[in-house]
Amino acid sequence: MLSVRCCDMYKNIRAAVVGSINMDIVLNMEKVPDVGENVLGTNYGYACGGKGANQATGLARLGAQTKMIGKVADDANGRRLLENLKKNGIDFSGVATNGTQTGLAAIIIDGEGRNRIVVYEGANAEIDPDEAADCIDENLDLLLVQFETREEVVIKCVNRAIEKGITTVIDCGPAKNFALEEMQGATIISPNESETKALTGISPDDGDSILKASEILKKRSKAQFVVLKLGERGCSVYDGESLKIMPTYKTNVVDTTAAGDSFTAALALEYKRSGDIFAACDMGNKAGAIAVSRMGADASMPTVEDVEKFR
Ligand code: RIB
């Protein structure tokens, strides 16, 4: 059993996220339109998002000291997104504000909570790789990256963190075949199902395909652990020798947006705290299950107290 107060579990962990910051425009509808079809929406709203910012919020809500490294523009969306990082207690001194236009995501959500997302990268594509990597120093314990910024930025930052002995977690969203060979030896690499397919050519549909895809990812990245996010099936962990599937928790699915971001933040923090990859996956499963039961991207990220109550 933990001997610290649950809300203090992660307070000594100094984490950083290099990644995207987007304004999300979210439209709900019963059924998404086919080509040429018009449908009526049931609701819409704006939400603070971006895979990077969502993961930073996930870390901060769980109590870690969190720094965001990225880029927005000095426009209305950029200012609102910085305000939101501040509200969540995130150090945004690593966010440049001289982008041409702040990133935007258009998200449509159907009656079953499933999303489809179109991202306009904007300032996220203008992050300077050297400036971002220079924010990664010995004062950090943990680095999270995703693939929603330029490949060069991710590669440089991951290699800088590995050189400095910082625990490094690579979330592989959105789906693309990334040059994993250029960043060898991260701590955890974690794609979801479509990202696994894009990186390995294999859909992780059953035990055999999950193992095969995990072996390829391990070989390509030389990461210590391969953790596949398998949606409602939970996740799998592969360490180069054995594979374990960890089922997730049943919950009422309202909006799956950012469930993976919530999972990755919780996985990374618990692994950094305990060094136990299975406890980390369980924490990720819980955080992801809570996130899908709530509307929004960063707004759906749980606190440690939420996770405790969920048990
Ligand atoms: O992972 C969810 C995020 O993907 C959304 O917040 C959206 O901004 C896109 O980047």
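Numbering of ligands and ligand atoms starts at 1, following listing order. Numbers here are sequence positions counted from 1.
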Discussion item. Here's a test for you: under side-chain contact (heavy atoms from CB on, under 4.5 Å), which of Thr167, Leu59, Leu142 qualifies with Ile13?
Written reply: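 Exactly one pass, corresponding to Leu142.
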
Practice prompt. Using the six-membered ring wherever Trp is involved, compare the ring planes of Tyr271 and Phe225 and label them parallel, tilted or perpendicular (cut-offs 30° and 60°).
Written response: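 Correct class here is perpendicular.
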
Less than 3.5 Å apart, N/O on ligand 1 and N/O on the protein: could you list those pairs with the distances?
{"from": "ligand 1", "atom 1": "1 (O)", "to": "Lys51", "atom 2": "NZ", "distance (Å)": "2.9"}
{"from": "ligand 1", "atom 1": "1 (O)", "to": "Asp261", "atom 2": "OD2", "distance (Å)": "2.7"}
{"from": "ligand 1", "atom 1": "4 (O)", "to": "Lys51", "atom 2": "NZ", "distance (Å)": "3.3"}
{"from": "ligand 1", "atom 1": "6 (O)", "to": "Asp24", "atom 2": "OD2", "distance (Å)": "2.6"}
{"from": "ligand 1", "atom 1": "6 (O)", "to": "Gly50", "atom 2": "N", "distance (Å)": "3.1"}
{"from": "ligand 1", "atom 1": "6 (O)", "to": "Asn54", "atom 2": "ND2", "distance (Å)": "3.0"}
{"from": "ligand 1", "atom 1": "8 (O)", "to": "Asn22", "atom 2": "ND2", "distance (Å)": "3.0"}
{"from": "ligand 1", "atom 1": "8 (O)", "to": "Asp24", "atom 2": "OD1", "distance (Å)": "2.6"}
{"from": "ligand 1", "atom 1": "8 (O)", "to": "Gly50", "atom 2": "N", "distance (Å)": "2.9"}
{"from": "ligand 1", "atom 1": "10 (O)", "to": "Asn22", "atom 2": "ND2", "distance (Å)": "3.1"}
{"from": "ligand 1", "atom 1": "10 (O)", "to": "Glu148", "atom 2": "OE1", "distance (Å)": "2.8"}
{"from": "ligand 1", "atom 1": "10 (O)", "to": "Glu148", "atom 2": "OE2", "distance (Å)": "2.6"}

Worksheet item: Of all heavy-atom pairs between Asp298 and Asn88, which one has the smallest distance, and what is that distance?
Response: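 That closest heavy-atom pairing would be OD2-ND2, 3.8 Å.
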
Discussion item. Determine whether Asp91 and Ser93 satisfy the following criterion, side chain to side chain donor-acceptor pair (under 3.5 Å), listing intermediate values before the conclusion.
Written reply: CA-CA 6 Å; Asp91 169 1; Ser93 58; 2.6 Å; yes

Practice prompt. May I ask you to decide if Ile290's main-chain N or O and Ser293's side chain share a donor-acceptor pair within less than 3.5 Å?
Written response: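 Answer holds: yes.
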
Worksheet item: Hey, is Glu112 close enough to Arg114 for a salt bridge, meaning N to O under 4.0 Å?
Response: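 Looking at Arg114 together with Glu112, the answer is yes, because their closest N to O distance falls below 4.0 Å.
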
